[in-house]
Structure formats: structure tokens, C-alpha cells
Peer 1: 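Mind looking over this structure? Questions follow.
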Number of protein chains: 2
Amino acid sequence: MASKDNSVNIKEALPKSARSYHHGDLRAAVISAGLKRLGEGDARELGLRALARDVGVSATALYRHFPDKEALLDALAEEGLRRLGALQAQAWLKAGGGRAGFKATGIAYVRFAHDEPALFRLSFTRQMPERKGEEGDGGEVAYNLLRAGVGEVFPAESVDAAALHAWALVHGLAMLILDRRVAWDEAMVARVVGLTFGGVD
Amino acid sequence: MASKDNSVNIKEALPKSARSYHHGDLRAAVISAGLKRLGEGDARELGLRALARDVGVSATALYRHFPDKEALLDALAEEGLRRLGALQAQAWLKAGGGRAGFKATGIAYVRFAHDEPALFRLSFTRQMPERKGEEGDGGEVAYNLLRAGVGEVFPAESVDAAALHAWALVHGLAMLILDRRVAWDEAMVARVVGLTFGGVD
DNA sequence: CCATCATGTTTCCACTGTAAACATAGTGAG
DNA sequence: CTCACTATGTTTACAGTGGAAACATGATGG
């Protein structure tokens with residue numbers, strides 16, 4: 001139960017702390033390094049070796065913590081979803097909930113994609129590992145907020161369709177911006193999101 | 001002008017025809033092979049070598065026709081956009097234009113993504129090569145249809161915002177389906193698209 | 001007929017993910 | 001305390017990748 005806990009500490013891979021064999025919680029360190037690398041521009045091809053070098057460990061050491069590279073990327077993706085959820089929750093609160101709050105979560109979604117393009121892309125451009133059913137996957141916060149928001153804004157209509165509509169809108173906007181199909185322009189984003197999410201500015 | 005013409009002939013790489021040195025228009029053959037491979041499931045990592053083998057030529061031969069792998073992928077992506085545009089145009093006509101036609105183009109967009117996931121992803125998940133300004137890029141048909149449709153459905157509102165809204169909606173829907181965030185369900189897609197695109201069933 | 005050039009082949013290299021064998025460092029039982 | 005055990009990390013090795021360089025060949029135009 002409590003053994004498979006993720007949720008990275010951004011504490012720079014605590015040099016000497018709790019469960020520390022040789023390195024001191026490598027798993028967290030390598031994820032942290034991966035996030036940093038994704039944050040900078042040199043995203044594409046974050047190689048397994050480069051990542052290991054960042055952390056000061058030899059490449060194959062990572063295989064003690066992840067079965068393969070895909071698993072490592074999955075972990076990074078999960079952390080991305082968690083951060084997205086946190087930003088949305090924050091936006092919702094700051095706007096005081098309701099219609100305005102819902103719109104704010106939508107804008108936060110797109111802004112996150114713009115601010116962390118590599119992380120966002122990694123988080124979503126990845127075949128879902130077919131949920132077992134339980135086990136939080138980091139995207140939960142975002143999804144619950146979505147449902148709640150939809151419930152408030154479209155109380156009468158089909159929640160399923162409306163929720164999917166809202167999600168697809170912001171996700172498409174984010175993707176089109178990431179792939180340079182449309183230029184980043186926050187005012188424009190706000191207007192477009194407003195068309196569906198309603199609410200005042 | 002007429003020298004850089006793409007637009008692949010699907011004629012199985014015409015064995016003996018016009019400009020045929022050793023192979024007989026390899027460029028077209030390799031693109032065709034790439035599309036086939038994308039069409040089947042074995043999409044991920046369509047390797048340069050495997051592609052060359054498909055076509056019966058040795059790997060480095062491809063470099064006579066494409067500066068590097070990226071360029072090859074760009075060509076495939078362009079063909080994908082062309083096909084998408086064609087399907088949308090067809091859907092528009094069959095529905096008789098107008099609101100219903102516009103909605104049909106939206107549904108066609110998502111259906112294309114579902115039917116050709118690898119090709120769709122490749123076509124869009126690729127940094128735009130910063131248009132020179134002229135030079136059709138295959139996505140033109142789709143974009144023009146979008147503007148025209150928006151003009152008919154939202155004559156009063158801001159065309160820019162409405163067009164972006166419509167595009168983002170279908171694109172997001174497509175992406176979420178591709179990445180298994182939501183299940184493919186044509187009826188649901190039609191309903192969601194209808195929320196924005198309006199029009200009868 | 002031959003020089004040229006477009007096309008294709010061979011060979012090679014740096015780099016990648018990862019398997020296998022080995023090394024080491026903490027831990028718990030006797 | 002000691003010693004086997006296990007979790008962690010290192011070295012080495014290998015197949016596969018995209019791509020450069022040198023060489024081969026076949027069409028073509030003077």
C-alpha cells in the first residue's frame with residue numbers, strides 16, 4: 001500500500017537522509033533531473049545516459065529503479081499531471097470558484113502547456129497504461145475539477161458531453177499552440193475559452 | 001516552380017515510368033511504404049533502415065532524396081494533411097454544405113485521427129517548419145474549409161476566435177482519443193461537436 | 001563516344017537502450 | 001560481532017540507430 005508512493009520531493013535529492021543506500025534516493029533524483037531537463041529547451045531526446053550523468057551515476061544504475069526507459073518517462077509524465085492539477089486547483093480557488101473559476105482552470109491548462117511544453121507533451125502524448133481501477137495517477141485532481149466545474153456551469157445539459165467538450169477545447173488549444181499551429185496569445189486564449197466556459201473576464 | 005512537386009502517386013511506385021534512373025522514383029516509393037507502415041499498427045519507430053528494406057534499397061540511398069530522417073517524416077506528415085483535407089472536403093460536400101456540412105467536417109477530422117492514428121499524430125505532432133509564406137503545405141484545404149464553415153455558422157461573431165474554437169475542439173477531441181484519454185465513440189463525438197458546430201444531426 | 005551527374009551501395013562511426021557479470025554497502029539472524 | 005543476504009551501483013558488451021564518406025553505376029547530353 002504505502003510502499004509504492006511516488007510524489008517526488010523537489011528537495012534536490014536530499015543528499016543524506018532516510019532510506020539512503022549508496023546515493024540517497026536516486027529515483028527521486030533522476031526524476032528531478034528529468035524535470036529540470038524538460039523545463040529547459042533541450043527537451044527532445046532526454047537520453048537515458050545524459051540523465052544518469054546529470055545525477056552523477058552510471059547509466060545502467062537507473063535500471064534498478066525503472067524497468068526500462070518507458071517506465072521512467074511514465075513517472076515524469078505522472079509528475080506533470082500532478083503539477084497541472086495543482087495549478088488548476090490554485091486557479092480555481094483564486095477566482096473564487098463558480099463560472100469564473102471554471103474558466104480560470106481552462107486558461108491555466110493552456111498556460112501550463114505553454115510554460116512547460118515538453119512536460120505537457122510528455123504527460124499526454126503517451127498511451128495510457130490502462131488503469132487498473134484504483135491507484136491515483138496524478139490526473140485525478142484535474143479530472144475532478146473538470147467535472148465539478150461542468151456541473152456548475154452546465155447544470156442542465158448532459159454532463160458527459162459538456163465535460164468532454166470543455167476538456168477537448170483546452171487540450172486542443174494547448175496542442176495547437178505547442179505544435180506552432182497557432183501563436184501563443186493569452187488574450188486570445190481567454191476569449192476562446194470564454195466562448196464555451198462562459199463567465200465574465 | 002514545378003520542380004518541387006510532391007503529392008505522392010499511390011501507384012505502387014510505378015515500376016518503369018517517366019523519370020526513372022535506377023529504381024523508378026524512389027522518393028514516391030519510400031513515402032508510400034512509410035504510409036503503409038503507418039497505416040498498420042507497427043507505427044512507432046518506423047526506422048530508416050526498415051523503410052529502406054521495404055522498398056528494396058539500401059538504407060543510405062534515402063539520403064539522395066531527403067536531407068535527413070526529419071525531412072522524410074515531414075513529407076509523410078504533409079501527405080497526411082493532404083488526405084485529411086480531402087476527407088473533410090468530401091464530408092462537406094456530401095452533407096450539402098452549410099451548418100450540417102460544417103459539423104460533418106468536424107466529425108471527419110476526428111474520425112480521420114481515429115482511423116489513421118499514427119499518420120494523424122505524425123502530421124500534427126511536429127514543429128511547424130515556419131512557413132515561407134507561399135507554397136501550399138497540404139493543410140490549406142482543411143484550413144480554408146474551416147474559415148468558410150465558421151463564416152457560415154457564426155456570421156456575427158469574431159471569425160478568428162470562433163475558428164480557433166472550432167479547430168481546437170476537434171483537435172483536442174482527436175488527441176484525447178489517440179492518447180486513450182477518452183474512448184472512441186462516434187455518437188459521442190457527434191454530440192460534442194454538435195455543441196459548438198450546431199446544426200441538426 | 002565519352003565526361004558528367006544523378007542515383008544507389010559499402011563501409012564506417014558515434015550513439016542509443018539494455019542485458020550480464022561483477023562489486024559494494026547496508027541489514028538482520030545467529 | 002559475524003556472516004550470509006539483498007539492495008544498490010559499475011563495467012563491459014551488444015545489437016540497433018541515424019548519418020557521413022568513399023566508391024560504383026547507369027543515364028544523358030555535347
Side-chain angles (χ1 to χ4, degrees), chain A residues 2-6 8 13-34 37-38 42-77 118 122 126-127, chain B residues 2-6 9 13-34 37-38 42-77 118 122 126-127:
Chain A
S3 65
K4 263 297 185 183
D5 180 65
N6 290 343
V8 183
L14 43 167
K16 281 197 171 6
S17 170
R19 41 185 56 259
S20 152
Y21 284 86
H22 297 78
H23 172 109
D25 205 353
L26 199 165
R27 171 168 178 115
V30 66
I31 288 189
S32 176
R37 215 161 248 264
L38 287 175
D42 51 348
R44 212 48 345 171
E45 282 344 271
L46 78 163
L48 201 113
R49 278 163 154 99
L51 216 40
R53 197 173 330 112
D54 282 0
V55 136
V57 97
S58 256
T60 55
L62 306 191
Y63 283 85
R64 299 294 158 183
H65 299 268
F66 307 92
D68 59 1
K69 191 190 183 186
E70 288 301 293
L72 203 176
L73 295 183
D74 282 345
L76 288 171
L122 179 70
R126 176 152 290 273
Q127 230 82 337
Chain B
S3 65
K4 263 297 185 182
D5 179 64
N6 291 342
N9 322 29
L14 43 166
K16 282 197 170 3
S17 170
R19 41 185 57 259
S20 152
Y21 283 87
H22 298 78
H23 173 110
D25 205 352
L26 199 165
R27 169 166 180 118
V30 66
I31 288 188
S32 176
R37 214 162 249 264
L38 288 176
D42 49 348
R44 212 51 345 172
E45 283 341 272
L46 78 162
L48 201 114
R49 277 161 154 100
L51 216 39
R53 197 175 329 111
D54 282 359
V55 135
V57 96
S58 259
T60 54
L62 306 190
Y63 285 86
R64 299 294 159 183
H65 299 270
F66 305 93
D68 60 0
K69 193 191 183 186
E70 288 301 293
L72 204 176
L73 295 182
D74 281 345
L76 288 171
L122 178 69
R126 175 152 291 276
Q127 229 81 337

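In what follows, every chain begins at residue 1, and chains take the letters A, B, ... in the order their sequences are listed. Only this structure's heavy atoms are used, side chains among them; waters, hydrogens and symmetry mates stay out. Just so it is clear, the model here is predicted, and its values are computed rather than measured.
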Peer 1: To the nearest angstrom, how far is B:Lys69 atom NZ from D:dA20 atom P?
Peer 2: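 Atom NZ in B:Lys69 sits about 14 Å away from atom P in D:dA20.
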Peer 1: Between B:Glu70 (CD) and D:dG19 (P), how many Å, whole number?
Peer 2: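 B:Glu70 atom CD is separated from D:dG19 atom P by 8 Å.
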Peer 1: Give me the atom names and distance for the closest heavy-atom approach of B:Leu51 to B:Ala33.
Peer 2: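 Closest pair (atom of B:Leu51, atom of B:Ala33, distance): CD1-C, 4.0 Å.
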Peer 1: Check A:Leu48 against A:Ala59 and note the closest heavy-atom contact, atom names and distance.
Peer 2: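 Of all heavy-atom pairs spanning A:Leu48 and A:Ala59, the closest is CD2-O, 4.2 Å.
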Peer 1: Does a side-chain N or O from B:His65 land closer than 4.0 Å to OP1 or OP2 of C:dG8, or not?
Peer 2: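 For C:dG8, OP1/OP2 do have a side-chain N/O of B:His65 under 4.0 Å.
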Peer 1: Using every non-hydrogen atom in the two residues, find where B:Ser58 and B:Ala52 come nearest and quote the distance to one decimal.
Peer 2: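 Looking at all heavy atoms of both residues, the shortest contact is C-CB, 4.1 Å.
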Peer 1: Determine the minimum heavy-atom distance between A:Leu73 and A:Leu122, stating which atoms define it.
Peer 2: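 For A:Leu73 and A:Leu122, the tightest heavy-atom pair comes out as O-CD2, 4.0 Å.
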Peer 1: By nearest nucleotide on DNA chain C, pick out whichever of A:Thr60 and A:Ala50 is the more 5' one.
Peer 2: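 The 5'-side residue here is A:Ala50.
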Peer 1: Choosing from C:dT16, C:dG8, D:dT10, which nucleotide comes nearest the side chain of A:Arg49?
Peer 2: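 Closest nucleotide to the A:Arg49 side chain: C:dT16.
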Peer 1: Give the rounded distance in Å between these two atoms: CZ of A:Arg64 and C1' of C:dG26.
Peer 2: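 Going from CZ in A:Arg64 over to C1' in C:dG26 covers 16 Å.
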Peer 1: Can you check the B:Leu62 CG to D:dA20 P distance for me, whole Å?
Peer 2: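 In whole Å, D:dA20 P lies 13 Å from B:Leu62 CG.
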Peer 1: For B:Leu48, report the nucleic acid contact type (base, sugar-phosphate, nothing); a contact means any heavy atom under 4.0 Å.
Peer 2: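 Touches sugar-phosphate only.
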Peer 1: Whole-Å distance between C:dA6 P and B:Asp25 CG?
Peer 2: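 So the two atoms are 16 Å apart, to the nearest Å.
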Peer 1: Expressed in angstrom and rounded to an integer, what is the separation of A:Arg53 atom CZ from C:dC15 atom P?
Peer 2: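 Rounded to whole Å, this separation is 10 Å.
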Peer 1: Can you check the B:Asp68 CG to D:dG18 C1' distance for me, whole Å?
Peer 2: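 Nearest whole value for this atom pair: 9 Å.
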Peer 1: Taking OH from A:Tyr63 and C1' from C:dA21, how many angstroms apart are they, rounded to a whole number?
Peer 2: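 A:Tyr63 atom OH is separated from C:dA21 atom C1' by 17 Å.
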